[in-house]
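First up is the structure itself, then whatever we jot down about it.
All values reported here derive from a predicted model rather than from experimental measurement.
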Amino acid sequence: MVRNYTDLEIINRIRGLKSFKGFPLQRYIVGIRSNEDKTNTPDDKFYIFEGERFITMTTGTTNPGSPILEGGFLKYNKVGAAVVKSNECYYDLWKHGYHMGKMEALQQVNPIIVYRDGDKDGKSEEIGTPITGLYGINFHTMDYNKFSKEIKTNIGNWSAGCQVVNDCEKFYQLIPTFRVQKFVTYFLLAEF
């Protein structure tokens with residue numbers, strides 16, 4: 001699992017990204033993708049900031065689950081599973097809405113950069129030529145039951161590219177805080 005970072009470490013790392021244009025004044029999300037990337041395990045972290053002030057942190061995945069990586073992606077895209085490009089700033093990426101019409105989520109409304117991982121080896125990889133577009137990369141949790149207190153340990157089909165929180169209770173405490181914002185920015189970092 002990704003180590004814990006200080007607020008300053010995260011802020012300074014984001015400032016060093018080529019796509020950095022400044023920090024939003026409202027709340028935003030910083031995903032940090034684990035270098036270990038244990039197969040089908042939510043071993044990444046999501047930090048919530050407002051301006052440069054840290055709010056909270058939760059765990060989850062920035063990678064598709066192994067069923068998707070091993071060929072399940074064909075249901076969505078013939079080329080490969082969507083793996084979001086790390087070390088990028090995605091300004092105004094999401095707005096409050098629903099995932100699959102079944103759960104509160106942040107829905108993708110602006111372009112994101114992804115790699116299409118189609119080698120079916122079950123490992124999430126940033127390989128090939130990155131492409132930019134609208135792919136339904138949402139921010140949601142791993143349970144349609146908003147009263148679940150379970151912390152999920154298996155990604156499975158919960159991510160085909162979406163950024164997914166595995167602590168259901170934490171997600172449902174967090175998501176209402178984004179309802180008042182028009183857009184939500186996302187910074188995705190590789191573990192550093």
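Legend: residues meeting side chain to side chain donor-acceptor pair (under 3.5 Å) with Ser19, ordered by chain and number and at least two apart, are Glu88. Every residue two or more places apart in sequence or in another chain was checked for a ring pair (Phe, Tyr, Trp, His ring centres under 6.0 Å) with Tyr90, and none qualifies. With sequence neighbours excluded, no residue satisfies side chain to side chain donor-acceptor pair (under 3.5 Å) with Thr129. Legend: residues meeting ring pair (Phe, Tyr, Trp, His ring centres under 6.0 Å) with Phe20, ordered by chain and number and at least two apart, are Phe23.
Note: Leu106 CG to Lys95 NZ = 11.5 Å, rounded to the nearest 0.5 Å. To the nearest 0.5 Å, atoms NZ (Lys38) and CE (Met1) are separated by 9.5 Å. One distance of note links OG1 of Thr62 with CD1 of Ile155; it measures 8.5 Å at 0.5 Å rounding. Atom NZ of Lys85 and atom CD1 of Ile131 lie 13.0 Å apart (nearest 0.5 Å). Atom-to-atom distance recorded for Leu174:CG and Ile48:CD1 is 4.5 Å, nearest 0.5 angstrom. Here Met103 contributes atom CE and Asp143 contributes atom CG; the two are 7.0 Å apart, rounded to the nearest 0.5 Å.
Ring orientation note: the planes of Tyr47 and Phe49 are tilted relative to one another, at an angle of 30° to 60°. Between Phe46 and Phe139, the ring-plane angle classifies as perpendicular under the 30° and 60° cut-offs.
Two different hydrophobic clusters hold Ile151 and Val164 under the rule that ILVMFWY side chains link at heavy-atom gaps under 4.5 Å. Residue Val84 is not grouped with residue Ile14 when hydrophobic side chains (ILVMFWY) are merged at heavy-atom distances under 4.5 angstrom, including chains of intermediate members. Note on Ile55: it does not cluster hydrophobically with Ile10, by side-chain heavy-atom contacts below 4.5 Å among ILVMFWY residues. Taken together through direct or relayed side-chain contacts under 4.5 Å among Ile, Leu, Val, Met, Phe, Trp and Tyr, Ile68 and Ile137 form parts of separate hydrophobic clusters. When hydrophobic clusters are built by joining Ile, Leu, Val, Met, Phe, Trp and Tyr residues whose side-chain heavy atoms come closer than 4.5 Å, directly or via intermediates, Leu93 is grouped together with Phe171.
For residues 130-139, the side-chain hydrogen bond (donor to acceptor under 3.5 Å, both in side chains) pairs, not counting sequence neighbours, are His99-Asn138. Screening residues 48-66 for salt bridge (Lys or Arg N to Asp or Glu O under 4.0 Å), with sequence neighbours left out, gives Arg15-Glu52, Arg27-Glu50, Glu50-Arg53. Sorted by first and then second residue, the side-chain hydrogen bond (donor to acceptor under 3.5 Å, both in side chains) pairs with a member in residues 107-117 form an empty list; sequence neighbours excluded. Residue pairs meeting the salt bridge (Lys or Arg N to Asp or Glu O under 4.0 Å) criterion with at least one member in residues 169-185, sequence neighbours excluded, are Glu104-Arg179, Lys149-Glu169. Counting only residues at least two apart or on different chains, no salt bridge (Lys or Arg N to Asp or Glu O under 4.0 Å) pair has a member in residues 105-115.
Arg33 pairs with exactly one of Asn63, Asp44, Asp43 by the side chain to side chain donor-acceptor pair (under 3.5 Å) rule, that one being Asn63.
Summarising the geometry of Lys123 relative to Asp121, their closest heavy-atom pair is N-OD1, 2.9 Å, with the distance given to 0.1 Å. Contact detail for Tyr172 and Pro176: the closest heavy-atom pair is O-CD, 3.3 Å. Nearest heavy atoms, Gly122 versus Thr39: O-CG2, 3.7 Å. Summarising the geometry of Pro67 relative to Gly156, their closest heavy-atom pair is CD-O, 3.6 Å, with the distance given to 0.1 Å. Nearest heavy atoms, Asn154 versus Trp158: O-CD1, 4.5 Å. Nearest approach of Ile175 to Ala105, heavy atoms of both residues: CD1-C, 3.9 Å.
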Return a table of donor-acceptor pairs under 3.5 angstrom between the side chains of residues 70-83 and protein atoms on other chains or two or more places apart.
unit_1: Asn77; atom_1: OD1; unit_2: Val79; atom_2: N; d: 2.7
unit_1: Asn77; atom_1: OD1; unit_2: Gly80; atom_2: N; d: 3.4

Anything under 3.5 Å between a donor and an acceptor, one on a side chain of residues 183-192, the other on a protein residue two or more places apart or in another chain? List them.
unit_1: Thr185; atom_1: OG1; unit_2: Asp92; atom_2: N; d: 3.0
unit_1: Tyr186; atom_1: OH; unit_2: Gln163; atom_2: OE1; d: 2.6
unit_1: Glu191; atom_1: OE1; unit_2: Asn35; atom_2: N; d: 2.7

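In the model, Asp167 has no side-chain atom that pairs as donor or acceptor with a side-chain atom of Thr59 under 3.5 Å.
Side-chain contact check for Glu125 versus Asp119: some heavy-atom pair is nearer than 4.5 Å. Under the 4.5 Å side-chain criterion, counting only non-hydrogen atoms from C-beta, Arg13 is not in contact with Val30. Residues Pro42 and Met142 are in side-chain contact: their nearest non-hydrogen atoms beyond the backbone lie under 4.5 Å apart. Counting only heavy atoms from C-beta outward, the side chains of Phe178 and Ile29 approach each other to under 4.5 Å.
Between Trp94 and Tyr28, the distance from one ring center to the other does not fall under 6.0 angstrom.
Applying the 6.0 Å contact sphere to CG of Leu134 captures more than 12 heavy atoms from other residues, nucleotides or ligands.
Residue Leu69 is found outside any hydrophobic cluster, as its side-chain heavy atoms come under 4.5 Å of no other Ile, Leu, Val, Met, Phe, Trp or Tyr.
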